[in-house]
Student: 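This is the structure, below, for whatever I ask next.
As the structure lists them, so they are numbered: ligands from 1, and atoms in each ligand from 1.
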Amino acid sequence: MVKQGRVNSLVILVLACFVAGCVAASSSYSVTDFGAKGDGVTDDTKAFLDTWNATCQSSVSSVLFIPAGKTFLLNPIVFHGPCKFYIRVQVDGDIIRPGKLWGGNFAHWLLFSHIDQLSIVGSGKIDGQGAAWWSCKTNHVSFSSSPLSCFCLRQSHVSAVSSSCFLHAFTSFGFFRSNAQPVPTAQVAGLRLISSPQMHLVVGFSSAVRITGLTITAPGDSLNTDGVHIEQSRDVVVSDSTIGTGDDCISIGTGSILVNVSRVTCGPGHGISIGSLGMANSLAQVSDIQGGYGYAKNIIFESINLTAVMNPIIIDQHYCANNVCAEQRSAVQVSDVRFIDVRGTSSSQVAINLNCSQNVACTGITFHNVEIQPAQRGGQASSYCFNAHGTVTGIAIPAVPCLMP
Ligand SMILES: *[C@@H]1O[C@H](CO)[C@@H](O)[C@H](O)[C@H]1NC(C)=O
Ligand SMILES: *[C@@H]1O[C@H](CO)[C@@H](O)[C@H](O)[C@H]1NC(C)=O
Ligand SMILES: *[C@@H]1O[C@H](CO)[C@@H](O)[C@H](O)[C@H]1NC(C)=O
Ligand SMILES: *[C@@H]1O[C@H](CO)[C@@H](O)[C@H](O)[C@H]1NC(C)=O
């Protein structure tokens with residue numbers, strides 16, 4: 001019983017941190033006190049590392065403070081944990097990457113790793129200055145290194161993750177999750193991420209992550225600039241954000257489960273994609289996603305507004321990255337995918353495309369009140385199915401007669 005009481009009070013303390021910003025028993029470390037100039041020219045990497053060191057060593061909950069009205073130039077940096085207590089990174093100022101291409105082997109620019117209780121908040125702008133990379137890729141010029149992400153947090157003890165970068169928000173304290181109102185282990189809120197060389201924010205090997213109020217912006221023709229990429233993670237919520245990039249708005253990769261995307265506006269870009277399945281642009285709500293272990297199931301797209309979207313609803317099990325693929329490798333089993341209250345316009349003639357594998361049928365694909373009109377006046381919107389099973393209730397425009405029971 002005594003043990004139980006202790007556990008509860010710890011949870012309350014941590015909750016108070018999230019709600020009240022840890023006003024009690026906290027200390028603050030400003031990067032300018034550690035020598036950061038914030039003039040947009042001086043390399044402030046060492047000052048940030050020193051500030052991080054102090055913050056992370058602190059034995060009370062602490063704030064790493066990045067003041068407003070300044071622009072801090074940072075080279076690749078790893079904010080490494082574990083830290084002693086809860087950390088808040090208050091990003092009020094802007095952060096910029098040098099515009100040049102890096103030599104060396106950086107998969108990331110700003111990486112938060114091995115930190116269990118972390119909150120990154122503020123309205124600062126994080127500018128990945130990706131233009132040089134995009135132009136290399138567009139012109140097929142090879143370069144020795146490629147930072148995948150503008151900004152990411154990752155879990156530590158994961159080997160065999162070579163070219164990507166992962167978020168660390170691993171729940172190592174059991175009591176976190178025993179509360180009826182789970183406390184997120186990582187929170188990212190309010191930031192503006194722009195022009196990443198590749199993905200803007202990566203969440204990997206993590207649980208209980210809350211991402212909200214982000215604005216992510218990259219040109220529509222910038223290659224591989226995903227907004228948020230989630231992989232090998234569970235209980236991730238992305239909400240109230242605006243994401244426009246040259247690639248996926250939100251991409252959900254292998255091993256993701258219990259992902260909820262709500263009130264997110266996407267575009268330009270490729271919308272919300274799951275595994276090798278690209279599905280639905282614009283607002284979406286997704287839950288219970290498991291990919292990479294052979295299936296994608298229990299997925300809900302609900303209350304979605306489509307505006308002149310190309311391929312608004314597409315399941316493509318013949319997808320080949322780089323046009324090179326061994327046809328009919330082990331197909332992912334797609335089941336229980338629901339489209340509810342999806343409305344708007346399609347810029348492609350095929351508005352509903354269920355192109356499933358010949359070997360493994362898609363099952364439990366359901367439509368309830370789906371109404372997609374052609375974006376162009378006098379245009380047509382049609383549906384296509386291959387080996388897809390499911391049902392329609394309420395309205396379905398275009399009709400999906402090819403869906404088998
Ligand atoms: C962080 O602080 C510790 C203790 O003061 C020191 O030993 C270590 O070298 C510092 N690390 C960095 C990266 O400054
Ligand atoms: C996802 O989040 C939204 C908004 O918080 C909530 O209304 C909805 O019930 C959640 N969906 C699931 C399946 O948990
Ligand atoms: C859908 O988006 C369009 C264009 O942004 C907007 O005019 C319309 O009000 C939206 N509809 C709903 C139901 O949100
Ligand atoms: C379905 O996939 C096959 C095989 O890749 C492709 O040839 C066909 O064009 C696709 N159909 C549609 C409507 O996308």
Student: With a 4.0 Å cut-off, would you call Asp341 and Arg343 a salt bridge?
Tutor: yes

Student: Show me which atoms of ligand 2 lie under 4.0 Å from any heavy atom of Arg263.
Tutor: 4 (C)

Student: Should Tyr384 be listed as contacting ligand 4, given a heavy-atom distance under 4.0 Å as the test?
Tutor: yes

Student: Residues in side-chain hydrogen bond (donor to acceptor under 3.5 Å, both in side chains) with His368, at least two apart?
Tutor: Thr393

Student: Between Phe112 and Phe79, what is the ring plane arrangement, given parallel below 30°, perpendicular above 60°, and tilted in between?
Tutor: parallel

Student: Decide whether the shortest distance between a heavy atom of Val350 and an atom of ligand 4 is less than 4.0 Å.
Tutor: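 Distance cut 4.0 Å: Val350 fails for ligand 4.
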
Student: Please state which option from Asp235, Val261, Asn260 has its nearest heavy atom closest to atom 8 (C) of ligand 2.
Tutor: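 It is Asn260 whose heavy atom sits nearest to atom 8 (C) of ligand 2.
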
Student: Please list, in number order, the atoms of ligand 4 under 4.0 Å from a heavy atom of Asn355.
Tutor: 1 (C), 2 (O), 3 (C), 8 (C), 10 (C), 11 (N), 12 (C), 14 (O)

Student: Answer yes or no: is there an ion pair linking Arg263 with Asp240, defined by an N-O contact shorter than 4.0 Å?
Tutor: yes

Student: In plain terms, say whether Arg210 and Asp235 are close enough for a salt bridge, that is, a side-chain N and a carboxylate O under 4.0 Å apart.
Tutor: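 Judged by the 4.0 Å cut-off on N to carboxylate O distance, Arg210 and Asp235 do form a salt bridge.
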
